[in-house]
Amino acid sequence: MTTAIPLTNQPQVVEIAPGNAATMPLSIKSVAFDGVGNLTVTLSDGTVLEPVPCAQQIAAAFGGVALVVVDANGNLLADGKPVGKVVAS
């Protein structure tokens with residue numbers, strides 16, 4: 001028997017305000033990570049959504065606290081600092 005883990009997603013909010021109807025649907029113009037692992041989304045109308053601590057959430061989903069990266073030379077980096085070397089096998 002598998003136990004389901006409850007989700008902890010934030011509730012979505014829709015604001016209705018006076019004004020004209022949208023002339024075209026919004027789309028995602030860009031998605032980017034900043035230097036501390038926050039994910040920022042920019043919409044086609046120029047709206048920038050609040051940053052989301054994406055890297056921390058991904059790491060937590062795997063039972064960790066941070067993500068690490070490997071550069072093109074095989075250097076393992078955590079928080080921008082070298083922590084080891086990766087060798088392909």
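Just so it is clear, the values below take in all heavy atoms, side chains as well, and ignore hydrogens, waters and symmetry mates. Numbers here simply count residues along the sequence, with the first being 1.
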Working for side chain to side chain contact (heavy atoms under 4.5 Å, CB included), residues Asn75 and Lys85
CA-CA 5 Å; Asn75 297 307; Lys85 189 91 169 163; 3.4 Å; yes

Output a table of donor-acceptor pairs, distance under 3.5 Å, between side-chain atoms of residues 47-60 and any protein atom two or more places apart or on a different chain; print 'none' if there are none.
from  : atom 1 : to    : atom 2 : distance (Å)
Thr47 : OG1    : Asp45 : OD1    : 2.7
Thr47 : OG1    : Asp45 : OD2    : 3.1
Gln56 : NE2    : Val36 : O      : 3.4

For Pro25 and Ser44, the nearest pair of non-hydrogen atoms, with its separation, is O-OG, 4.2 Å

Establish whether Leu67 and Val86 are linked, either directly or via other cluster members, by ILVMFWY side-chain heavy-atom contacts under 4.5 Å.
-> no

Does Leu26 CG have over 12 foreign heavy atoms under 6.0 Å away? yes

Students should find that the hydrophobic cluster of Leu77, defined by side-chain heavy atoms under 4.5 Å apart, otherwise consists of Val69

